[in-house]
Every structure is written in structure tokens, then in C-alpha cells.
Peer 1: 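This is the structure I have questions about; it appears just below.
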Amino acid sequence: MQLDPRRSLTHPLWLAALGLLALNDHVLKGAGILPQWLTGKLSDFVGMLVAPALLACVAFVRTRRGLGLSHAAVGAGFAAIKLFPAAAHAVEVVSAATPFPWVIVVDPTDLLALPMLGVSYWAFADIMSRAAAPSLSRSTAELATLSAGMLACLGTSPPPCEGDCAAQPPMRFPQESAMLLLGNTSGQQRIVHVRPLRDTVVADCSVLLADPTAALTRELFAPAETWLVEPGRALPLKQHRDSGCEAFLVDAQGLEMTLLAWSSSEFPTTTLETTTDVASERMIPMREIDGHLELDPHAAVFEAPPLEEEYPEPACSVPPATVGIAWSEVSQIDGVVEGLLSSPDGCHELTIGAHDFYVCLPLDELPFEVGEQLRIASYVPYDNQGTLSGAEGLEIAGATTTIRAVRGDVAAQSDFGGHVELADKEGCDAHHDECGDLVRPLELTVVAGGVATGSAGDALELADGGVLHIVRAQRMPIRDTECAPELAADIYLETVLVFANGGE
Amino acid sequence: MNKQASTLVTLGASALLVLAGCGDSAEGDSASGGPVDGPPGATGVTQGGAQDFGLFRQILEDGGVPGPETIDDIGFFAEHKLDYPAPDCGDDLCIHGLLGANGNLIEGSPATVIQIGMNTPVDASELARPPMHLVLSVDTSGSMQGGPIEYLRAGLVEMIDELHPDDHVSLVSYSSEAHVVLEYVPASERELLEQAFLALQAVGSTNLYDGLFTAYQLTEAHHLPTDQDRVIFLSDGVATTGLPGAARLRSLAEAYARRGVALSSIGVGTDFDLEVMKQLGEVGAGNFYFLEDPSAVVEVFTEEVRTFLYPLALDAKIEAELASAYLLRASYGTTGWRSYGSGGAVSIPSLFLASRQSSSQPAPGGRRGGGGALLIEVVPRPGISANEPPAVGSVSVEWTDPRSGDRLSQSVDVTAPFAPGAVPEEGYFTDATVEKGFVMLNLYVAFESAAQLAADSDPRTARRALEAIRPNVAAWLAEHDDADIEDDLRYVDLFIQNLGPVADASAPYTPADPPNPWPYY
């Protein structure tokens with residue numbers, strides 16, 4: 001007589017086992033109501049009741065022999081993953097690609113649940129052989145319980161339905177919220193130094209991740225945290241930044257300085273077990289090869305930035321830190337210049353009444369004289385769209401000439417229209433400045449009655465008669481704000497516009 | 001008895017050229033680059049980059065574990081006497097490029113270094129000191145009240161006796177702003193000077209930029225081609241007003257150094273802006289004094305006036321060009337080094353020969369110093385064949401002669417008797433100077449990495465690094481008599497000893513528990 005395994009899916013015992021499985025997985029586990037070992041074992045026991053009938057259903061078993069084979073298959077699969085780590089890992093790897101990844105604990109004591117397969121066969125074989133009149137309501141109920149059973153088995157974490165529809169096993173390793181793991185598979189304790197990017201570093205993740213070794217410098221990393229990692233254990237690498245990417249410099253006894261960098265969207269924070277027993281794309285194994293440690297190839301592993309940075313040709317390098325515009329704090333000074341002193345580095349002291357005002361500009365001499373009436377005031381720069389910018393400025397207006405100095409993300413501009421366009425300087429790659437920031441020289445094009453283009457160090461003669469001195473023009477996609485200026489965007493300009501009064 | 005020693009100091013962008021003038025004649029009596037009073041580690045007067053290692057040594061002597069910020073290569077090298085080959089190149093400045101290759105003394109893998117040094121045939125002891133215009137720019141902000149201002153007054157008064165009658169003195173006091181107290185007063189006007197010094201009062205905030213700018217303006221206003229312009233800049237705090245940041249001060253000092261105006265900076269106490277003052281010492285063609293104990297101010301002006309700085313070179317550029325078989329891995333002993341594909345270069349605003357007339361011998365056990373060097377570590381280019389020529393590279397220097405204004409240059413080749421990467425087992429050194437330089441570099445790396453590891457909460461590995469180098473240095477000392485390295489070894493032992501309790505007390509992190517870094521000591 002043919003069997004119909006679907007009959008068992010509406011049997012009270014199977015339904016009770018399914019209900020207990022769901023209750024155990026989704027309510028009892030981790031709730032602290034029952035001991036962890038008990039919830040783990042309960043899953044194994046009821047799983048042995050639920051799984052064979054499900055397998056028989058999906059395999060369209062029609063004979064007692066087939067039913068026996070279903071039970072044997074569940075038992076064999078369950079035993080394999082409970083006895084052999086390789087089998088457990090294989091199932092984990094396959095399941096990791098599904099919406100229901102499993103984490104399996106290899107634990108031979110779970111085999112105690114195997115006798116439940118006999119109970120399953122004894123309880124359901126006869127039920128499956130009973131004929132039943134076709135009924136829409138019966139078929140619907142069977143389909144519903146089949147679906148529920150599949151979901152209960154697949155949706156639970158470990159172990160697989162075929163052998164054990166039980167869910168979470170007893171926890172043997174602590175779990176950490178982390179993005180990646182650095183696993184010690186070297187067979188001995190390892191001291192590992194982990195240096196995160198400094199908190200003060202601002203990074204454009206698209207630039208950083210395009211070539212982490214070239215984009216970063218060792219100066220950008222904070223002092224190391226030191227960990228002692230036992231063999232077989234894994235160091236969790238946690239989220240340090242909110243910018244969407246992470247970077248760490250790691251080294252260990254026997255492991256050369258190595259850079260780790262990844263996107264937060266590729267490896268988001270999740271709960272990971274800190275053991276190397278669990279094969280996962282989140283694990284970066286650290287292995288001993290010929291007496292040295294090496295990290296396995298991984299999407300997040302890169303060569304560390306070099307000790308010595310290669311410096312670009314002068315035409316493509318940004319000016320050193322000692323080059324720049326600066327001025328004393330000022331709200332407004334009006335008066336006659338009583339003294340004017342200049343230093344060889346382009347700084348000037350203006351004495352006006354009780355004020356000694358300093359200003360450093362790319363001008364060997366200021367276009368003002370002792371006895372001249374001056375007005376010195378802070379200046380508020382606007383961008384091309386006429387919106388208030390994040391830059392700061394200074395204006396010194398004399399009898400015939402005005403100087404307007406601006407530093408920030410916009411250039412000093414005339415009040416009479418025109419705009420400034422920025423582009424990466426042709427033929428120049430990004431490089432690192434003295435702080436270790438990634439900088440890329442820019443070219444400015446001033447469109448104001450005519451077109452003039454230049455970069456840092458140039459003085460552009462504008463169509464309206466003014467001269468725009470470009471002191472700095474650079475993009476800074478990765479910068480340490482402790483050393484670099486505070487920037488809303490990654491553009492940093494220092495420019496000085498000198499123009500005749502009334503004739504801008 | 002007055003003793004005169006001549007020493008070439010790169011009191012410019014780096015102290016890499018702190019070398020003995022006149023060949024090796026300065027053995028033992030050059031105080032430049034080392035402490036001039038007190039035992040090693042004394043917080044008294046130390047000079048130039050040497051102070052960095054002085055602080056490191058002091059912490060070890062006190063039983064502590066120094067942090068990585070307390071040691072730098074420039075300071076460490078400057079405390080080692082390195083005798084370069086005779087300066088017979090025919091110029092006032094002679095460059096030397098020496099090759100050293102050996103297994104490193106920490107874990108044995110091969111290391112190849114080029115040591116660059118310079119010396120001069122000029123004997124400063126035979127030169128008459130020209131008249132000097134000494135501009136003193138001193139911090140009289142509120143924080144100098146009490147002991148510091150009293151020591152400052154006493155030090156300035158004591159200095160008067162060391163001045164020559166044809167010298168001139170200017171005094172700038174700065175707090176919220178700078179004031180010219182004395183302008184180009186002849187040193188013979190003793191009463192006037194003393195009166196002005198004793199009248200200094202401490203009040204107000206700190207405007208470093210105004211103080212330095214005003215001092216340099218005075219040198220410019222009274223510059224005579226026959227005289228020497230010197231600025232001494234003293235501060236005990238950070239800038240609280242005026243142009244902010246170290247960059248502008250550095251730029252100012254560099255610009256005047258290119259004109260031959262030497263600047264010595266003095267940081268008093270523990271609250272001054274170390275980075276600013278150190279940078280000024282490096283770029284301003286003068287010395288940097290770190291006087292943790294303000295009472296040392298009494299002596300420092302006298303020491304400075306006794307030091308005669310003879311300008312040898314302006315706007316110098318030192319360059320290393322490597323042969324195609326080698327790549328540059330790292331450089332030590334200078335700031336401002338810039339690497340490029342096949343080598344690197346450093347620019348130095350000015351080089352002076354320092355001649356100190358001192359009545360005091362270096363203290364017993366004091367370090368001889370005078371050992372500036374630029375060491376560049378090179379590695380064979382990957383894929384290079386064993387048949388490559390013996391060239392390792394060349395080193396060169398280009399500079400402006402301060403007297404003629406001519407641009408001069410010099411270059412020497414560096415060759416190896418072995419193929420790239422095939423370092424002989426017994427090692428190879430051009431001469432004893434680079435052999436010592438190699439040991440010195442290894443000691444620096446061990447000290448620096450141990451300090452860093454200790455700061456990274458890994459005192460056990462820190463101790464292991466020092467324990468690894470110790471027997472190798474001891475074995476070298478068994479064959480070479482060298483007081484500096486012997487003294488270094490003492491500090492290796494002290495460091496190991498001081499790390500002991502820290503390492504024993506640190507609990508290793510067990511990842512099975514919630515993550516905690518090792519506790520900091």
C-alpha cells in the first residue's frame with residue numbers, strides 16, 4: 001500500500017513537536033527561562049520528530065522503505081554534522097549563501113536525540129498508510145503545516161533540518177558584535193597590535209577603498225591596542241567610524257604591518273563567534289608559514305602604506321605647511337598706518353593706533369604706505385551660487401588698493417560677478433602632505449570677463465584688472481583634522497585678490 | 001682654564017651634521033650635542049636635539065618607562081660621537097657617504113644603510129669671533145612670575161660678563177605684545193643693560209609671534225655685514241594671542257636662517273610649546289634648550305654667548321641618489337627628508353660651525369655627542385640579478401657660500417663589494433664610523449620600538465626587543481671600545497629592568513571574555 005507522508009503533518013504529535021520547536025527556537029532560547037543546555041537538546045529531540053516526515057513529503061516518498069531511508073538520511077546527516085567539523089563547515093558555507101545561515105556546533109552528545117527517529121517511524125508510518133478522502137480543507141491544512149515545518153527548520157539557526165531541526169545549540173564561544181574577525185590559526189598564542197584610524201581623520205570612503213595602501217599613511221593611525229589571541233580564537237574588528245569605511249593597521253609577532261580596509265556596507269556589523277571553527281567570509285585567518293605569520297587573501301587585506309612616502313615632482317606637490325596666508329584676529333580696525341614692517345617670508349606688521357596687526361600674504365610688500373588710511377575687517381566669502389560659504393576672509397582697504405584674502409572652500413572673488421571653477425590639476429596624482437593627509441592639487445579657472453587658469457603659486461591677472469594670487473588649491477579627501485584645516489567639503493583654497501578700488 | 005673646541009653643527013633643519021670640525025681633533029672635549037652640566041639625564045642644560053634623548057634617559061634613570069615621544073633619531077644620534085674621514089675635499093664643507101651592511105642586531109635579517117655625514121677643515125678655534133648683535137626675546141607673560149622671571153634676570157645679568165666690548169645687545173620682552181626694551185645697546189654699557197634686565201616684570205598673555213618677529217626686525221634694522229646677528233628666544237608657555245600655529249613661526253625662522261641669522265630657542269618648565277620650540281631650534285640655525293628646571297636659565301645665556309657660530313653654508317640641499325638595484329626603505333636622522341623614486345633629499349636653511357669657549361669640562365660620564373648623521377636604509381629592488389654593478393648610489397650636497405654668495409656642490413659615490421642583497425655573513429662597513437653608526441641605528445630602533453610597544457600596552461614584547469639586541473651590542477662592545485655605545489647599553493639594561501614590573505603586572509587579554517585591551521601601565 002502506498003504511503004502518503006502528508007497525513008502525518010496534521011497528526012497531533014507532529015503538530016505538537018512543530019509547535020514546541022518554534023516555541024523553543026523563538027521564545028525559550030536566550031530568554032533565561034530554561035537552562036541553555038536544555039533548550040539546545042530540546043531542539044535536537046523534537047527536530048528528530050519533525051524532520052523525517054518533512055523530508056518524506058518533499059521527496060514524495062510512497063513506500064515504507066522510502067520512509068525508512070528518509071529517517072536514515074536525517075540520522076546520517078545529523079550524525080555527520082555533530083561528529084565532523086568539516087561536514088558542519090560545509091553546511092555552514094552552503095547555508096551562508098541563503099537567507100537562513102546556520103551556525104553549527106559540533107557536539108557528539110547531541111546524538112542522544114537519534115532514538116527519536118524510531119519514535120517518529122513508529123508514530124507516523126501507520127498514519128501515512130491510512131487512506132483519506134480527498135478534501136480541500138485537509139490539503140490546505142497539510143500544505144500550511146508543510147510550509148510551517150519547512151520554515152521552522154530552515155529559519156532556525158543550527159543544525160540543519162535533515163538531521164536536526166533544532167535551533168540554537170548551546171553557546172560554546174562568546175559572540176561579539178563585529179564587522180570582521182582576525183582568526184588565529186597559527187596553533188599558538190599571538191600578540192596582535194591593532195591600530196584604528198585616528199578619530200580625527202576624515203575620509204572619503206570611495207577614495208580610501210579605491211586603493212587603501214596608496215590613500216593612507218601610517219601617520220593617520222592611532223596608537224595600537226594590544227590583544228593576546230589564543231590559538232583557535234578570533235579577534236573581533238569592530239566598527240570605529242560612522243563614515244562608511246574602516247581601516248586598521250595590524251601587526252603581530254611574526255606578522256609584518258598589514259593594512260585592513262573595507263566598506264561598512266560590504267561587511268556590516270553583525271554577531272560573530274570569536275572562534276576559527278566557524279568558516280565565514282568575515283574571518284581573516286592568520287596562518288604560520290615558514291616561521292612567519294601571513295593573513296589569508298581577503299577582500300579587506302592590503303599591503304601597509306610604505307615607511308617612506310614618495311614625493312611628487314615640485315609642479316605636482318602642494319606647498320609645505322610653512323606656506324600659507326594668516327592674519328591676526330580682527331573684527332575691524334580703521335585708522336592711519338603708523339608703522340609697516342615686513343619679514344622675508346611675506347608676513348607684515350601694520351601698526352594702526354594701539355593695534356599691531358599681522359598679516360601673511362604672498363606679497364613681498366604690501367601696497368600701502370605709512371600715513372595711509374586703512375580699514376581692516378573680516379570678510380564674509382560667498383560661493384558661486386551666492387550662498388554663504390564655510391570659508392573665512394579678511395579685507396584690507398587702502399586709499400587706492402584693496403586686498404581680499406580668503407581661506408576655505410571658496411576663492412576670493414570680485415564683487416562684480418564671475419565665478420571660479422575647480423578641476424584636478426592635469427598630470428598630477430594625489431600624494432601625501434607633511435601630516436600624512438591625502439592631497440591632490442587643483443587648478444582654478446576664473447571666469448570673469450575673461451578666463452584665467454592657474455594653480456598654487458600662480459598669480460592670475462584677471463580681465464577686470466585684479467590679480468588673484470593662488471597660495472593653495474587642493475583637494476583633501478583624507479585628512480587628519482588635527483593637522484589639516486576644518487573643512488565642510490574636501491576642497492581647501494587659500495587665495496588673495498588684489499584690486500584697485502573702484503575698478504575691480 | 002678655558003678650553004676651546006670646535007664642532008660643526010647643523011643647527012639648521014636638522015642636527016644631522018653635528019660633526020667634529022678639523023677631522024677628529026675634538027675627541028672628548030666637544031660639549032656640543034651633549035649635556036654641559038650634570039650627569040646623564042640631568043635636567044640642567046642640554047643642547048640641540050640631544051635634549052630628546054636626555055628626557056628619555058632621565059625617565060629611565062627615575063625608574064620609569066619612557067614613551068615614544070621622548071626619543072627621536074636626531075637627538076639620539078647627536079649624543080654619539082662619530083669621527084668622519086679627514087675633511088680634505090678642498091671646500092669648507094665635506095660630505096661623506098659610508099656604507100654599512102650587516103644582519104640587524106635585533107632579529108638578524110640583513111640591513112643595508114648609507115650613512116651621510118659632513119665635516120669641515122675650518123678650525124673655529126683659529127677664527128676671531130666677529131662682533132655680535134645679540135637680540136634677546138624673552139617671555140614675560142604672567143606664567144613667568146616668581147622663580148622663572150628671577151632666574152631670567154639673574155641669567156641675563158650673568159651673561160653680560162661674557163660679552164665682548166664691541167658686541168651689541170637688544171632686548172625684546174613679550175607677553176600680550178612685544179616691547180623693545182633695549183635697542184642695539186653696546187655691551188660696554190653694563191649698567192644700562194643690568195638695569196633693563198633687572199626691571200623685567202612678568203604679566204599678561206603670550207604672543208610668541210610678536211616676540212619673534214620683533215626680534216628679527218631688530219637684527220634687520222642694525223645689520224652690519226661684519227657682525228654676527230643672533231637671536232635667543234625664550235618661552236615658558238604656548239601662544240595665547242597673536243598669529244597662531246607653529247607654521248608661521250617656523251616659516252619666519254627659516255626665512256631669517258637663509259639670511260644667516262641664527263636662532264636659539266629655550267623652553268622653560270614643562271608647559272611650553274615643545275613642538276614649536278623644537279622646530280625653531282631645528283630650522284632657525286641655532287640650538288634648542290629644554291630647561292625643565294627654571295633655575296637652569298641662569299646658565300643658558302652664558303652658554304649661548306660662549307658659543308661662536310661661524311656660518312659655513314646657506315640654503316644647503318643634501319641629496320641621495322640610489323643606483324637602479326636599490327630602493328630606499330626609510331631614513332633616519334633628519335626632519336624634512338623627502339623621498340622620490342630613486343632617492344631623496346633634504347633642504348637645510350643654514351649650516352654653522354659652532355665653537356664653544358667653555359671653562360667647564362663635560363661632566364664625568366657625560367656623553368661626548370657631536371654625532372649627527374643621516375642614515376638611509378636601502379633594500380635591493382625586487383627581481384634584481386646578482387650580476388648588478390657594485391654601485392649603491394651617490395650622495396651630494398649643494399650650498400651657497402655665505403661669504404662669496406657662490407653656489408657650490410660636491411658629490412661622492414657609494415659602492416659595495418657585494419651584489420645587492422648578498423650581504424656578507426660577517427657584515428661589511430666602509431669604516432669604523434659607519435659601523436658605529438649601524439650599531440647606533442639599531443639601538444635607536446630598539447629603544448623606539450620598545451617605547452612604542454610599551455605605550456601600546458605590550459611591555460612583554462617591548463622587553464623582548466631589548467633583550468634581543470642586548471647580547472649583540474655587548475658582543476660588539478667586547479671588540480670595540482666605545483663610551484657612547486657602552487652608555488647606551490646601560491640604558492638598554494635600565495629599560496629592561498624598568499619594564500619588568502610593568503610586564504609582570506599586565507594581564508593578557510583573553511578573547512573569550514568581553515574585549516578589553518591590556519591595561520595600560
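Convention: sequence-line order gives letters A, B, ...; per-chain numbering from 1. Heavy-atom basis, side chains included; hydrogens, waters and symmetry copies ignored.
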Peer 1: At a heavy-atom separation under 4.5 Å, does B:N207 approach chain A through its side chain, its backbone, both, or neither?
Peer 2: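 Neither the backbone nor the side chain of B:N207 comes within 4.5 Å of chain A.
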
Peer 1: Identify which of B:L453, B:T214, B:D210 forms the greatest number of heavy-atom pairs closer than 4.5 Å to chain A.
Peer 2: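 Ranked by heavy-atom pairs under 4.5 Å with chain A, first place is B:D210.
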
Peer 1: Can you tell which of B:A247, B:S251, B:A178 has the highest number of heavy-atom pairs within less than 4.5 Å of chain A?
Peer 2: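 Top count of heavy-atom pairs under 4.5 Å with chain A: B:S251.
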
Peer 1: Looking at A:G346, A:C347, A:S328, A:A326, which one has more heavy-atom pairs under 4.5 Å with chain B than the rest?
Peer 2: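 Answer, by heavy-atom pair count under 4.5 Å with chain B: A:C347.
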
Peer 1: For A:G232, does its backbone N or O pair with a side-chain atom of A:T276 as donor and acceptor, under 3.5 Å?
Peer 2: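 A pair under 3.5 Å: yes.
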
Peer 1: When heavy-atom pairs shorter than 4.5 Å are enumerated against chain B, which of A:S343, A:P320, A:A321 gives the highest number?
Peer 2: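 Ranked by contacts with chain B, first place is A:S343.
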
Peer 1: So, does B:D273 use its side chain to make a donor-acceptor pair with the main chain of B:M277 at under 3.5 Å?
Peer 2: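 The answer is no, because no donor-acceptor pair under 3.5 Å joins these two groups.
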
Peer 1: Identify which part of A:C360 has an atom lying under 4.5 Å from any heavy atom of chain B, answering side chain, backbone, both or neither.
Peer 2: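 For A:C360, the side chain is the part near chain B, not the backbone.
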
Peer 1: Do A:F357 and A:L394 come within less than 4.5 Å of each other through their side chains, counting heavy atoms only?
Peer 2: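 Yes, side chains in contact.
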
Peer 1: Can you say whether B:E377 sits under 4.5 Å from chain A via the side chain, the backbone, both, or neither, judging by heavy atoms?
Peer 2: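 Interface part for B:E377: neither.
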
Peer 1: Please state whether the side chain, the backbone, both or neither of A:V323 comes within less than 4.5 Å of a heavy atom of chain B.
Peer 2: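 Only the backbone of A:V323 comes within 4.5 Å of chain B.
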
Peer 1: Determine the interplanar angle of the B:F213 and A:Y358 rings, folded into 0 to 90°, and report it as parallel if under 30°, tilted if 30 to 60°, perpendicular if over 60°.
Peer 2: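 B:F213 and A:Y358: perpendicular rings.
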
Peer 1: For the pair A:D433 and A:R479, find out whether any cationic side-chain nitrogen is under 4.0 Å from an anionic carboxylate oxygen.
Peer 2: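 Not counted as a salt bridge, because no side-chain N and carboxylate O are separated by less than 4.0 Å.
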
Peer 1: May I ask you to check whether over 12 heavy atoms, not counting those of A:E338, lie within 6.0 Å of atom CD?
Peer 2: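 Enclosed: over 12 neighbouring heavy atoms sit under 6.0 Å from CD of A:E338.
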
Peer 1: Quick one: what part of B:R258 sits under 4.5 Å from any heavy atom of chain A, side chain, backbone, both or neither?
Peer 2: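 Contact with chain A is absent: no heavy atom of B:R258 under 4.5 Å.
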
Peer 1: Between B:S331, B:G242, B:P68, who has the most heavy-atom pairs with chain A when the cutoff is under 4.5 Å?
Peer 2: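 Winner by heavy-atom pair count: B:S331.
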
Peer 1: Side chain, backbone, both or neither: which part of B:L249 has a non-hydrogen atom closer than 4.5 Å to chain A?
Peer 2: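 Contact with chain A is absent: no heavy atom of B:L249 under 4.5 Å.
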
Peer 1: Is there a donor-acceptor contact under 3.5 Å linking the side chains of B:S205 and B:S176?
Peer 2: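 Yes - a donor-acceptor pair under 3.5 Å links their side chains.
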
Peer 1: Verify, without hydrogens or angle tests, whether B:E398 (side chain) and B:K317 (backbone) share a donor-acceptor contact under 3.5 angstrom.
Peer 2: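 Not confirmed, B:E398 side chain does not pair with B:K317 backbone.
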
Peer 1: Is any side-chain heavy atom of A:L182 less than 4.5 Å from a side-chain heavy atom of A:V192?
Peer 2: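 Counting from C-beta outward, A:L182 and A:V192 do come under 4.5 Å.
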
Peer 1: When only pairs under 4.5 Å are counted, which of A:S317, A:G324, A:P312 shares the most heavy-atom pairs with chain B?
Peer 2: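 The residue among A:S317, A:G324, A:P312 with the greatest pair count is A:G324.
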
Peer 1: Quick check on the interface: out of A:E349, A:E329, A:E434, who has the most heavy-atom pairs with chain B under 4.5 Å?
Peer 2: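 Among the listed options, the one with the most contacts to chain B is A:E349.
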
